[in-house]
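Within every chain, numbering begins at 1; the chains are lettered A, B, ... in the order of the sequence lines, protein sequences first and strands thereafter.
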Number of protein chains: 2
Amino acid sequence: MTAEPVQESRAASGCAAAPSAVLDGPVSHAISRVSRLHRIAAGRVLRELGLHPGQEFLMMHLWDSGAVRQSELIKAVGLDPSTVTKMLQRLEHAGHVRRRPDPSDRRASLVEATDASRGLLVEVRRAWGELERQTLEGLEAAECAELARLLGKVETALWTELARGGGADCGAASGEPDPC
Amino acid sequence: MTAEPVQESRAASGCAAAPSAVLDGPVSHAISRVSRLHRIAAGRVLRELGLHPGQEFLMMHLWDSGAVRQSELIKAVGLDPSTVTKMLQRLEHAGHVRRRPDPSDRRASLVEATDASRGLLVEVRRAWGELERQTLEGLEAAECAELARLLGKVETALWTELARGGGADCGAASGEPDPC
DNA sequence: CCTATTTGATTGGTCGGCCAAGCAATGGGG
DNA sequence: CCCCATTGCTTGGCCGACCAATCAAATAGG
């Protein structure tokens, strides 16, 4: 209808400047938006591999560490136990992971990536490289490093804040200490 | 627990892998983690107000812009139409939002915040201020600005990349008085 | 030894969020 | 005037993610 002005605004010119986005104020909004876009981008890249966004986190950890207790996996990725359970059920059903009871502790489960899933390893790594490239496109190396540093600081800030109020245990995989 | 050595694998220190940073995808990981923590923090702060994380986005826009077409709202927040529909259904059921058919276009809906919801306005603003404070705790003003700038760049980068692959309109929610 | 607490994992419920289809109304072109 | 593409929104399905509550097993305490 009548010359959609919106598309025009977003069109290279209007969007390229994107002064509004930068000045938009709250970092919180920016985090939410960036995260959402990032997730969508991840979904696009991973879709062809048969993985849904978020699952690659688990798989990468499993590929990296071999058979692990589910509780270890939970602490490593920092997700809710129920979330991990359901994700693993789907991944198991898809043939990407295998779960077996831990003989030394009959309530625990050992999780490991299947051999079949190994084929995905290189693809997923490539996809993540692509995603990283898309994410950091237009940023210089120094900016990238700075962004990583700042995100790290924000992460620790949020983390301590949450630990204070929520009493969540949370091993926090690679998180807090050691800010280089 | 078993004698499971702490898996302080190479990952933790993003700075160490400066040259190969792109391969490991530290920024992508960081974005995901920070976003998740941030969302949890937002949920904590908003829970007492009866809002779920994400809803405040819609409400803030509605408070700010009065009655709007649903399609305008969708473009403004940049979410999927179906997502907005369901969120609005819940918000309406909760009494925060009112929807009425647009007389000038019988397939469209006009959405507006209810008077009752206005009471939440100041609370939500306060909660977001609190959230912002938690998020940026430990960062200096210059770092905060730099983070905002970098996130803006990442956002536009992801955005153009997504627009290339999938039909995209562009809303670029912007232009509101936001104290930082 | 037998009970309390803690730990490991699962289920149920709800919400945000996406995609893919599906209508209903609008409006442009033949 | 009618047909057809477009726009606006909704539904259904699925997945990630949270919380709360539950159950089973292991361990600490009396």
Side-chain angles (χ1 to χ4, degrees), chain A residues 1-2 4 6-7 32-33 35-44 46-47 50-58 68-75 77-94 99 101-111 162 166-171, chain B residues 1-2 32-33 35-44 46-47 50-58 68-75 77-94 99 101-111 162 166-167 169:
Chain A
M1 32 215 58
T2 74
E4 196 66 313
V6 175
Q7 289 193 343
S32 301
R33 286 199 306 255
S35 165
R36 208 173 44 76
L37 290 176
H38 184 266
R39 191 179 191 79
I40 295 176
R44 291 254 167 103
L46 289 171
R47 182 184 217 88
L51 285 179
H52 294 83
Q55 296 182 337
E56 81 280 5
F57 258 88
L58 289 185
V68 284
R69 259 189 160 77
Q70 191 165 321
S71 59
E72 288 299 319
L73 187 60
I74 288 169
K75 279 200 303 184
V77 296
L79 294 174
D80 191 89
S82 64
T83 300
V84 174
T85 293
K86 287 166 188 167
M87 285 173 77
L88 285 178
Q89 287 173 345
R90 281 161 189 151
L91 286 171
E92 184 178 31
H93 188 262
R99 289 157 75 207
D102 184 341
S104 75
D105 188 338
R106 279 195 321 221
R107 72 207 144 146
S109 288
L110 289 178
V111 190
L162 286 176
D169 72 277
C170 213
Chain B
M1 54 174 87
T2 61
S32 302
R33 285 198 307 256
S35 164
R36 206 171 45 76
L37 289 176
H38 183 266
R39 191 180 191 76
I40 295 177
R44 292 257 167 97
L46 289 172
R47 167 170 291 173
L51 285 179
H52 294 84
Q55 296 182 335
E56 81 280 7
F57 256 91
L58 289 186
V68 283
R69 258 188 162 74
Q70 191 166 323
S71 60
E72 289 298 319
L73 187 59
I74 288 169
K75 281 199 300 187
V77 297
L79 294 174
D80 191 87
S82 63
T83 299
V84 174
T85 292
K86 288 169 190 169
M87 285 173 77
L88 285 178
Q89 287 173 343
R90 283 161 189 150
L91 286 172
E92 184 177 30
H93 189 262
R99 288 156 77 206
D102 183 343
S104 75
D105 188 340
R106 275 191 320 208
R107 71 207 144 144
S109 288
L110 288 178
V111 190
L162 286 176
D169 55 81

*Measure from CG on L46(A) to P on dC18(C) and round the result to the nearest Å.*
16 Å
*Can you tell me the distance, in whole Å, between the CD atom of E72(A) and the C1' atom of dA9(C)?*
14 Å
*asked:* Rounded to whole Å, how long is the line connecting atom CZ of R44(A) with atom P of dG17(C)?
replied: 17 Å
*asked:* Please give me the minimum heavy-atom distance between A108(B) and R69(B), naming the atom from each residue.
replied: CB-NE, 3.8 Å
*With the sugar-phosphate defined as primed atoms, P, OP1 and OP2, and the base as all remaining atoms, what B/S/- string results for nucleotides 10-18 of chain D, 5' to 3', for protein heavy atoms under 4.0 Å?*
BBBB-SSBB
*Rounded to the nearest angstrom, tell me the gap between atom CZ in R69(A) and atom P in dT7(C).*
13 Å
*Minimum heavy-atom distance L79(B)-M87(B), with the two atoms named*: CD1-SD, 4.2 Å
*Out of curiosity, I74(A) CD1 to L88(A) CG, how far, rounded to the nearest 0.5 Å?*
8.0 Å
*S82(A) versus D80(A), closest heavy-atom pair with distance*: OG-OD2, 2.5 Å
*Taking atom P of dG8(C) as reference, at what distance in whole Å does atom CG of L73(A) sit?*
13 Å
*Identify the heavy atoms of R39(B) and P53(B) that sit nearest to each other, and give their distance.*
NH2-O, 3.2 Å
*What is the distance from CG of D105(B) to P of dT6(D), rounded to the nearest Å?*
17 Å
*In whole angstroms, how far is the P atom of dA24(D) from the CZ atom of R107(A)?*
14 Å
*Quick one: is dA9(C) close enough that its OP1 or OP2 comes under 4.0 Å of any side-chain N or O from S71(A)?*
yes
*Could you tell me which non-hydrogen atom of G50(A) sits nearest to which non-hydrogen atom of Q55(A), and how far apart they are?*
O-OE1, 4.4 Å
*Determine the contact category for D102(B): base if any of its heavy atoms lies under 4.0 Å from a base atom, sugar-phosphate if only primed atoms, P, OP1 or OP2 are that close, otherwise nothing.*
nothing
